[in-house]
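Worksheet for the structure shown next.
Numbering of ligands and ligand atoms starts at 1, following listing order. In this text the structure is predicted, and so the values were computed from the model without any measurement. Numbering starts at 1 and runs along the sequence shown.
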Amino acid sequence: MRSFLRFLIASFAAFCSLAAAADDRPNILFIMSDDHGYRAISAYGSNRNKTPNIDRIAKDGMRFDRAFVTNSICGPSRAVIMTGKYSHLNGFPDNAGNAWFNGEQQTAPKLLQAAGYTTAVVGKWHLNSDPIGFDYWHILQGQGPYYNPPMKTAAGIVRHEGYTTDIITDVALDWLKNKRDKNKPFFLMYQHKAPHRNWQPPPRLLDKYKDQTIAEPETLFDDYSGRELPARDQQMTVANHLTPVDLKLVEQPGGLTPEQQSTLMKAYAEENQKLEASKLEGRERTKWNYQRFVKDYLRCVDCVDENIGRMLDYLDESGLAKNTIVFYTSDQGWYLGEHGWYDKRWMYEESFRTPLLIRWPGKTKPGSVSEKMVMNLDFAETFLDIAGVKVPGDMQGRSIKPILEGNVPTDWRKSVYYHYYEFPQPHHVHPHYGVRTDRHKLIYFYDIDAWELFDLEKDPHELKSVYRDPVYASIVADLKQELKRLMEQYKDDGKTVVKYENPNATPKAKVKMKTKTK
Ligand SMILES: [Ca+2]
C-alpha cells in the first residue's frame with residue numbers, strides 16, 4: 001500500500017513537472033504599428049527622429065535589415081501574418097470595400113490556442129470579420145480614429161475617451177495584468193493604428209518639432225524619368241495629393257470632442273495663417289507640405305514609442321521580460337517624401353521593406369544585425385516554431401527561429417517574391433509582381449506589360465531602370481527564370497485569386513470561396 005502511495009506521489013510529481021515544463025514555453029508579444037517606415041526609427045539610423053524605446057528591442061535583440069512584405073498594404077499584410085500564406089491563397093488581396101478575412105481558415109493564433117497558449121489581439125485588426133482563435137479581443141473597427149475610439153469586443157462595443165495609442169496600450173496592459181490565464185504562456189498581438197494617415201498627434205506632442213526643419217529625403221523632387229509609366233501615373237505625391245484634412249488646414253474628422261478639436265487646431269493656427277499670407281507655390285509649397293506631414297507623422301510615431309516604453313517597462317517590472325520574445329514590426333514600410341510620395345504599395349524599397357526588431361533574452365545575441373531576407377510570410381511559422389508547435393506543410397514561409405538563435409540555415413532563401421493588387425483606387429498604383437535578390441530587383445506591371453530592373457548596388461534609390469540596357473540582358477533572363485520558379489513554388493499563376501464573400505453583406509449566404517481571374 002505504502003509503495004502504491006509512493007508511486008502515486010511520484011506520478012503526481014512527474015505530472016506536475018511536465019505541466020511546469022509546458023508552462024515554460026516563451027510568451028510571445030507581437031507589437032505592430034501601421035505604416036511605420038524604417039526610416040523613422042533611430043535603430044535604423046533615422047535622421048528625422050529618435051525612438052529610444054523601439055531601439056531597446058534592437059539593443060537587446062536582433063535588427064533585420066532585409067525584412068520584406070508580400071503585398072505592401074494594411075489588411076492584406078495582416079492576413080499574410082495570420083496565415084503564413086500569400087494573398088492569392090488567403091483570400092485577402094486588397095482593401096476593397098467588400099474585403100473580408102475568412103477566419104475559419106487555418107491561422108497561427110488558432111494553432112497556438114489549441115496548443116495551450118492563451119491568445120489576445122488588442123488594437124488595429126482591419127480584417128473586417130471578428131477575430132477567431134483569440135481568448136480575448138478588443139479591436140478598432142476598420143481603420144479606427146486617433147481620438148475616442150469605439151472598440152469592438154466579444155461582448156459588444158466599448159467606448160473610450162482619450163488618445164487611441166494610449167488606450168490600446170492601457171487595454172493590452174490590463175489584459176496582461178488582470179485578464180489573461182496566468183497558467184498558460186501568452187500570445188499577444190498589440191497593434192497600433194498609428195502612424196496611419198491622417199496623422200493626428202496627441203495633445204502633449206503637438207509642439208514637438210515646431211521650430212525645427214526635418215531633413216528632406218534625397219528623392220523628394222524625383223521626376224520619374226528613369227522608370228516606366230506607373231511611377232508618374234500614381235496619385236500619392238506630397239506636392240499634389242495631400243488633402244486639407246491631411247495638412248490640418250481645416251477642422252479634423254474622427255469624432256474629437258470640441259475641446260480636443262480646439263486644442264488641435266490652435267496648435268496649427270499661426271503656421272496656417274502664415275501659409276495663407278505667403279501664397280507659397282511650386283517647390284516651396286511642396287517643402288511646406290513635407291514639413292507639415294512629416295512632423296505630424298513623427299509626433300504619432302513618437303507617441304507609439306512612448307507607449308512601447310510603457311509596455312517594455314511592465315515586462316521588466318513584472319519579471320515577464322526574461323521569458324517573453326518581443327517582436328516590433330509594421331504592416332509595411334512607408335514613403336516619407338522619398339520619390340516625392342507618401343503612402344506605400346510599391347515594390348520599391350521604402351514600402352517593400354518593413355522594420356523588424358526581435359528580442360529573445362538568452363537566445364538572441366544583443367545588438368545583432370541580420371541581412372538575411374525574411375518576410376512577413378514567415379511570422380506565423382516563427383510563432384509556431386517558438387511555441388514548439390508543428391508548422392503545417394501548406395504554410396508558405398519559413399521559421400526565422402534558427403536565425404534568431406544564431407544558426408542560419410545554409411539553404412536560406414536568396415530571393416523574395418512580391419505581388420500587389422489594389423487598383424485603380426486609391427492612389428492609382430498599377431498592380432505588379434516581381435522578384436528581388438541580394439543585388440537586383442525585377443518588377444512586372446502586368447496591366448500595361450511593362451518591366452523594370454534595378455541594380456540596387458549602383459542605384460540604391462531605384463531611379464533608373466536598366467531593363468533595356470544590353471549589359472543586363474543575362475541578368476534579366478536569370479531573374480525571369482527565378483520569378484517563374486517562385487510563382488510556381490508559391491502557386492501564383494499571376495491571375496487567380498481566392499476571394500471570400502462577406503456573409504454579413506448578404507445575410508443568408510454562407511461563407512463561399514470563389515476564385516477570381518483578372
Ligand atoms: Ca498599413
With ring-ring contact (aromatic ring centres under 6.0 Å, His included) as the test, pick out the partner of His432 among Tyr418, Tyr446, Phe352.
Tyr418

Is Lys344 close enough and on-axis enough to Tyr335, meaning under 6.0 Å and within 45°, for cation-pi?
no

Just checking: Gln332, one of its N/O/S atoms, less than 3.0 Å away from the Ca ion (ligand 1), yes or no?
yes

Got a salt bridge between Asp34 and Lys124, using NZ or NE/NH1/NH2 to carboxylate O under 4.0 Å?
yes

His36 and Tyr38: aromatic ring centres closer than 6.0 Å?
no

At the Ca ion (ligand 1), what angle lies between atom OD2 of Asp331 and atom SG of Cys74, rounded to 10 degrees?
100°

Calculate the angle formed at the Ca ion (ligand 1) by OD1 in Asp35 and OD1 in Asp34; 10° precision is enough.
70°

